[in-house]
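As structure tokens, the structure follows; a few thoughts come after it.
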There are 2 protein chains.
Amino acid sequence: MNTGVSKPDTKQRILDSAERLFAEYGFAGVSLRAIIADAKVNLAAIHYHYHSKEALFDAVILRRLEPINRERLELLDALEQAGQPTLEQILEAFLAPAFRVGADPNGGQTFVRLIGRLFSEEMSLFSHVIKQHFGVVLERFARALQAAAPELPTSEVLWRMLFMAGALGHALRSCGQNLESLHGGLCDTSDVEGALRRLIGFAAAGFRAPVPAGVTHV
Amino acid sequence: MNTGVSKPDTKQRILDSAERLFAEYGFAGVSLRAIIADAKVNLAAIHYHYHSKEALFDAVILRRLEPINRERLELLDALEQAGQPTLEQILEAFLAPAFRVGADPNGGQTFVRLIGRLFSEEMSLFSHVIKQHFGVVLERFARALQAAAPELPTSEVLWRMLFMAGALGHALRSCGQNLESLHGGLCDTSDVEGALRRLIGFAAAGFRAPVPAGVTHV
DNA sequence: GTCTATAATCGGATAGAC
DNA sequence: GTCTATCCGATTATAGAC
């Protein structure tokens with residue numbers, strides 16, 4: 001007999017549907033019933049496999065975020081072992097894993113938008129697990145960026161990381177989205193690799209900008 | 001007798017509470033009942049003064065967005081009449097009005113976060129009115145930025161505007177927010193003026209970055 | 001592990017008295 | 001303009017049969 005995975009994977013289908021719908025409408029904008037309808041499973045199954053709506057959301061995020069953040073740290077480790085990396089290299093190590101999932105034909109495209117959405121969701125929503133995941137990565141990259149731009153005060157590095165993260169999130173949210181209404185279709189948001197290269201260049205230049213006059217540091 | 005405004009302004013209190021709650025939890029994350037509880041008004045009043053939940057959301061946004069976008073265009077007009085403005089000047093004309101409402105003690109702080117949230121809400125949510133508001137402004141500033149950076153392909157200008165808008169939104173979302181959990185408190189997000197100066201410098205440098213090799217243009 | 005059935009609550013919206 | 005009362009559909013979650 002099979003080891004229990006003979007069924008066309010209810011659990012996985014729930015995760016896939018939830019990912020797509022959460023990405024589109026946000027956490028509060030999606031009901032469990034919308035998910036079960038999309039996944040063609042029973043309502044009770046969602047409570048059986050995951051504990052609650054919030055736990056399901058966590059599972060959706062972690063499935064993809066964990067590999068992304070692991071890859072980010074691996075790339076950064078590899079860079080630093082080869083000497084002092086450039087700003088562009090560090091930024092690529094941070095940005096590329098997030099962008100590249102967009103190339104994954106298996107729902108990566110939709111997850112890319114979900115990550116973008118994550119930043120605007122209620123803080124208390126993404127659980128301690130996720131917050132912790134992000135914390136470690138941000139700390140490591142903050143140190144790396146600081147080393148690559150030693151003339152910048154630490155608070156300045158953090159501000160620019162915040163700008164970069166915002167640009168990343170917004171770019172990811174826009175990927176595959178219909179932006180014609182705003183841009184007249186001149187922005188090809190399906191060009192994921194191009195968006196990555198552009199964002200790296202944009203952010204690297206931003207990090208190299210001089211410290212504005214008159215701002216205060218902590 | 002009074003002209004009808006003798007009451008401590010039910011209509012206004014609804015708007016204020018709605019603004020604060022929408023900013024915190026997003027459109028779908030807030031119920032009308034939560035709003036009336038916060039505003040201490042009756043449920044029916046919300047349907048009387050505004051037609052529906054969506055119409056209320058529109059009203060909340062427009063109350064502050066309309067002046068912001070008007071000021072943006074006025075500032076840009078003034079700049080262009082004095083000759084070819086610099087990148088920094090154009091960016092300031094776009095960013096400053098949005099940031100400055102954060103200095104308004106009357107709920108501006110919370111609205112700043114609401115604007116940031118707007119980008120991640122469902123597209124169909126912000127009504128045609130708002131979409132049109134944004135469309136005009138973006139078109140004008142796209143032209144101005146293109147003129148200030150004539151060596152950039154148009155699609156490149158639009159990509160960088162998208163990055164800038166993302167950084168703006170994220171910065172606004174973070175203003176006054178408790179970011180210690182992620183940054184160890186080194187980022188003083190209550191320093192609105194400093195955030196503005198920093199973002200202008202960051203984005204201007206980004207706009208001056210060379211076009212990445214190998215990307216395609218439409 | 002999957003289902004039906006249902007509990008218990010909350011959602012937006014409206015009617016009609018005052 | 002403001003209130004009470006209520007409609008009615010949708011929501012999360014659970015109990016219990018199979």
Side-chain angles (χ1 to χ4, degrees), chain A residues 1-61 63 117 121-122 124-127, chain B residues 1-63 114 117 121-122 124-127:
Chain A
M1 309 310 168
N2 234 331
T3 44
V5 274
S6 50
K7 191 73 191 300
D9 237 8
T10 300
K11 197 171 173 179
Q12 180 105 10
R13 278 218 313 286
I14 292 175
L15 218 53
D16 291 340
S17 291
E19 177 176 88
R20 206 172 52 72
L21 291 171
F22 282 144
E24 194 95 23
Y25 304 103
F27 178 77
V30 177
S31 67
L32 292 184
R33 318 183 88 98
I35 295 173
I36 63 147
D38 187 274
K40 294 191 225 308
V41 300
N42 191 274
L43 174 57
I46 215 169
H47 283 100
Y48 176 78
H49 288 291
Y50 308 92
H51 177 61
S52 66
K53 189 184 176 185
E54 287 212 6
L56 171 61
F57 187 77
D58 278 4
V60 166
I61 298 287
R63 168 170 66 156
R117 217 171 234 292
E121 290 289 349
E122 171 60 2
S124 65
L125 201 150
F126 55 123
S127 71
Chain B
M1 314 312 169
N2 234 330
T3 45
V5 273
S6 49
K7 192 71 189 300
D9 237 7
T10 300
K11 198 171 173 180
Q12 179 107 7
R13 278 219 312 286
I14 293 175
L15 218 52
D16 291 339
S17 291
E19 178 176 88
R20 206 172 52 72
L21 291 171
F22 282 144
E24 193 95 23
Y25 304 103
F27 178 77
V30 177
S31 67
L32 292 185
R33 303 176 126 89
I35 294 173
I36 62 147
D38 187 274
K40 296 190 223 309
V41 299
N42 190 273
L43 174 57
I46 217 170
H47 283 100
Y48 175 78
H49 288 290
Y50 309 91
H51 177 61
S52 66
K53 189 186 179 185
E54 287 212 6
L56 171 59
F57 187 77
D58 278 5
V60 166
I61 299 288
L62 274 184
R63 168 172 64 155
L114 182 53
R117 217 172 234 292
E121 291 288 351
E122 173 60 3
S124 65
L125 200 152
F126 55 121
S127 71

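Proteins get letters first, then strands, A, B, ... in listed order; numbering begins at 1 in each. All values reported here derive from a predicted model rather than from experimental measurement.
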Do the side-chain N or O atoms of [X] get closer than 4.0 angstrom to the phosphate oxygens (OP1, OP2) of [N]?
| X | N | value |
| --- | --- | --- |
| B:Tyr48 | D:dT2 | no |
| B:Thr10 | D:dG1 | no |
| A:Ser31 | D:dA10 | no |
| A:His49 | C:dT2 | yes |
| B:His47 | C:dT14 | no |

Just how far, in rounded Å, is [atom2] of [N] from [atom1] of [X]?
| X | N | atom1 | atom2 | value |
| --- | --- | --- | --- | --- |
| A:Ile46 | C:dG1 | CD1 | P | 17 Å |
| A:Asn42 | D:dC18 | CG | C1' | 13 Å |
| A:Glu54 | D:dA13 | CD | P | 9 Å |
| B:Gln12 | D:dT2 | CD | P | 13 Å |
| A:Arg13 | C:dT2 | CZ | P | 9 Å |
| A:Tyr25 | D:dA10 | OH | P | 16 Å |
| B:Leu56 | C:dG11 | CG | C1' | 15 Å |
| A:Lys40 | C:dC3 | NZ | P | 14 Å |

Side chains of [X] and [Y], heavy atoms from C-beta outward: is any pair under 4.5 Å?
| X | Y | answer |
| --- | --- | --- |
| B:Asp16 | B:Arg63 | yes |
| A:His47 | A:Leu32 | yes |
| A:Ile14 | A:Ile36 | no |

For A:Ala34 and A:Leu21, which heavy atoms make the closest approach, and how far apart are they?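 Heavy atoms only, the tightest pair is O-CD1, 3.6 Å.
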What integer number of Å spans the P atoms of C:dA8 and D:dC8? 22 Å
Hey, which sits more toward the 5' end of DNA chain D by its nearest nucleotide, B:Leu43 or B:Lys11? B:Lys11
Closest approach to the side chain of B:Arg33, judged atom by atom: which nucleotide of C:dA13, D:dA13, D:dT2 is it? C:dA13
Closest-nucleotide mapping onto DNA chain C: is B:Ala44 or B:Lys53 further toward the 5' terminus? I mean the 5' end.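 Mapping each residue to its closest nucleotide by heavy atoms, the 5'-most match is B:Lys53.
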Within the distance-only criterion (no hydrogens, no angle test), does the side chain of A:Arg117 pair as donor or acceptor with the backbone N or O of A:Glu24 below 3.5 angstrom? yes
